[in-house]
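Report on the structure given below.
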2 protein chains.
Amino acid sequence: MRIGELSKNTGFQVETLRFYEKQGLISPVGRTESGYREYDQESLKQLHFIQQAKSVGFSLNEISELLTLRVERDQHSCSEVKTIAEQKLVQIESKINELNKMRDALHKITDACCGGPEPATSCTILNALDNV
Amino acid sequence: MRIGELSKNTGFQVETLRFYEKQGLISPVGRTESGYREYDQESLKQLHFIQQAKSVGFSLNEISELLTLRVERDQHSCSEVKTIAEQKLVQIESKINELNKMRDALHKITDACCGGPEPATSCTILNALDNV
DNA sequence: CTTGACCCTATAGTAGACTTTAGGGTTTAT
DNA sequence: ATAAACCCTAAAGTCTACTATAGGGTCAAG
Ligand SMILES: [Zn+2]
Ligand SMILES: [Zn+2]
Ligand SMILES: [Zn+2]
Ligand SMILES: [Zn+2]
């Protein structure tokens with residue numbers, strides 16, 4: 001199939017597919033005489049993999065690594081794969097912790113503000129941000 | 001004080017301070033004859049405010065808005081301030097939800113992987129990313 | 001045979017928050 | 001007086017993940 005059809009079948013925009021190719025994530029099986037990219041079922045599977053990996057938070061660079069492991073499954077260990085996944089898990093969890101702290105702090109100072117129409121002369125939010 | 005001292009007193013890098021000035025977040029009280037920026041205690045307070053606002057998740061644009069409200073307290077209402085804070089709270093919470101979903105999904109497929117030294121031929125992580 | 005849909009490349013732009021580079025002046029201490 | 005430390009500007013680069021633009025071939029239908 002050509003890039004337009006691949007786009008329809010995966011939900012990725014044509015430009016994104018070409019961009020992914022430049023990033024080394026995918027590549028067409030070949031080219032037609034006129035230079036059109038040609039893809040097959042494997043391209044479809046690979047893009048599906050990419051979609052899934054994105055949905056659980058992997059970056060394109062990480063996905064690139066995972067795609068290599070996927071293709072060369074036999075030359076790599078479960079341990080390698082799991083290590084990458086666990087690192088990502090740690091990253092996600094630390095981001096969640098950071099955001100939780102932000103939410104709590106912000107919640108605290110926001111709750112204290114009356115939110116009324118009077119001047120913010122002694123608004124607790126502004127004050128809280130002024131003082132530590 | 002000059003920019004280097006302000007940097008030491010706030011923890012922001014000199015380049016960052018000049019960048020913030022270009023973004024309209026801060027500005028020196030004046031300039032020396034030779035063109036050096038000069039700052040005072042208010043600059044220090046303002047940068048402290050910026051630090052606090054960053055720490056609870058506000059973007060530079062939002063901080064810019066908040067700084068205006070802070071300076072013109074009397075011309076603005078608590079309601080304006082609280083609205084901004086609550087919007088940010090919603091954003092943070094939705095980001096947390098997204099990350100929680102990622103973490104759960106990733107956790108699930110990661111737990112199932114043995115993580116051993118044998119080839120990843122039928123690694124559950126790779127398989128999970130292959131199939132929906 | 002021409003129109004519209006589709007494809008190509010290379011390059012630039014976007015957002016956010018900075019950092020780096022290039023090329024020069026100024027201040028301070030020795 | 002000279003060297004280190006510090007300051008200045010303007011412009012470009014960084015990172016991520018794309019999106020857009022310019023300019024131009026190709027293919028199928030009417
Ligand atoms: Zn109030
Ligand atoms: Zn208030
Ligand atoms: Zn295993
Ligand atoms: Zn495994």
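Within every chain, numbering begins at 1; the chains are lettered A, B, ... in the order of the sequence lines, protein sequences first and strands thereafter. None of the values given here were measured: they were computed from a predicted structure.
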TODO: Using five pairs at either end of the helix from dC1(C)-dG30(D) to dT30(C)-dA1(D), determine the angle between the two local helix axes and round it to 10 degrees.
DONE: 30°

Open item on the list: Nearest whole Å is fine: how far is dT19(C) P from Ile3(B) CD1?
Closed with: 13 Å

Open item on the list: With rounding to the nearest 0.5 angstrom, report the CD to OG distance, Glu86(A) to Ser79(A).
Closed with: 9.0 Å

TODO: Specify the separation, in whole Å, of atom CG of Leu60(B) and atom P of dT19(C).
DONE: 11 Å

- [ ] Sequence neighbours left out, what pairs pass side chain to side chain donor-acceptor pair (under 3.5 Å) with at least one residue falling in residues 56-65 of chain B?
- [x] Ser59(B)-Glu62(B), Glu62(B)-Lys88(B)

Open item on the list: Any side-chain to backbone donor/acceptor pair from Ser77(A) onto Ala120(B)? Under 3.5 Å, distance only.
Closed with: no

Open item on the list: Going by salt bridge (Lys or Arg N to Asp or Glu O under 4.0 Å), name the residues that satisfy it together with Arg70(B), two or more places apart in sequence or in a different chain.
Closed with: Asp130(A), Glu42(B)

Task: Set of side-chain contact (heavy atoms from CB on, under 4.5 Å) partners for Ser34(A), sequence neighbours left out - done: Thr32(A), Tyr36(A)

Open item on the list: In this structure, how many angstroms lie between the P atom of dT16(D) and the CD atom of Gln91(A), rounded?
Closed with: 11 Å

Open item on the list: If I take atom CD in residue Gln51(B) and atom P in nucleotide dC18(C), what distance separates them, rounded to the nearest angstrom?
Closed with: 11 Å

TODO: Using heavy atoms and a sub-4.0 Å distance, could you list which residues of residues 4-23 of chain A are near DNA chain C? By number, please.
DONE: Gly4(A), Arg18(A), Lys22(A)

Open item on the list: What is the separation between atom CZ on Phe58(A) and atom P on dT16(D), rounded to the nearest whole Å?
Closed with: 16 Å

Task: Atom-to-atom span, CZ of Arg31(B) to C1' of dC7(D) - whole angstrom - done: 10 Å

Task: Proximity to DNA chain D (any heavy atom under 4.0 Å), residues of residues 92-100 of chain A only - done: none

Open item on the list: Just by distance, no angles: are the side chains of Ser94(A) and Asn97(A) close enough, under 3.5 Å, to form a donor-acceptor pair?
Closed with: no

TODO: Evaluate side chain to side chain contact (heavy atoms under 4.5 Å, CB included) for Ile125(A) paired with Leu66(B), printing each intermediate quantity in order.
DONE: CA-CA 10 Å; Ile125(A) 298 178; Leu66(B) 289 173; 5.6 Å; no

Open item on the list: The criterion is side-chain contact (heavy atoms from CB on, under 4.5 Å); which residues satisfy it with Thr121(A), sequence neighbours excluded?
Closed with: Pro119(A), Asp74(B)

TODO: Taking side-chain contact (heavy atoms from CB on, under 4.5 Å) as the test, write out the residues that go with Gln87(A), two or more places apart.
DONE: Thr83(A)

Side-chain polar contacts of residues 17-31 of chain A - donor-acceptor pairs under 3.5 angstrom, sequence neighbours left out - could you list them?
{"residue": "Glu21(A)", "atom": "OE1", "partner": "Arg37(A)", "partner atom": "NE", "Å": "2.6"}
{"residue": "Arg31(A)", "atom": "NH1", "partner": "Gly35(A)", "partner atom": "O", "Å": "2.8"}

Task: Residue pairs fulfilling salt bridge (charged side-chain N to carboxylate O under 4.0 Å, His left out) with at least one residue in residues 90-102 of chain A, sequence neighbours excluded - done: Lys95(A)-Glu98(A)

Task: Close side-chain approach of Ile92(B) and Ile96(B), heavy atoms under 4.5 Å - done: yes

Task: Value in whole Å for how far the C1' atom of dC6(C) lies from CE of Met1(A) - done: 16 Å

Task: Residues which pass side-chain contact (heavy atoms from CB on, under 4.5 Å) with Lys8(B), listed by chain and number, not counting sequence neighbours - done: none

- [ ] Let me have a per-nucleotide readout for nucleotides 25-30 of chain C, 5' to 3', with B, S or -, counting only protein heavy atoms under 4.0 Å.
- [x] BBS---

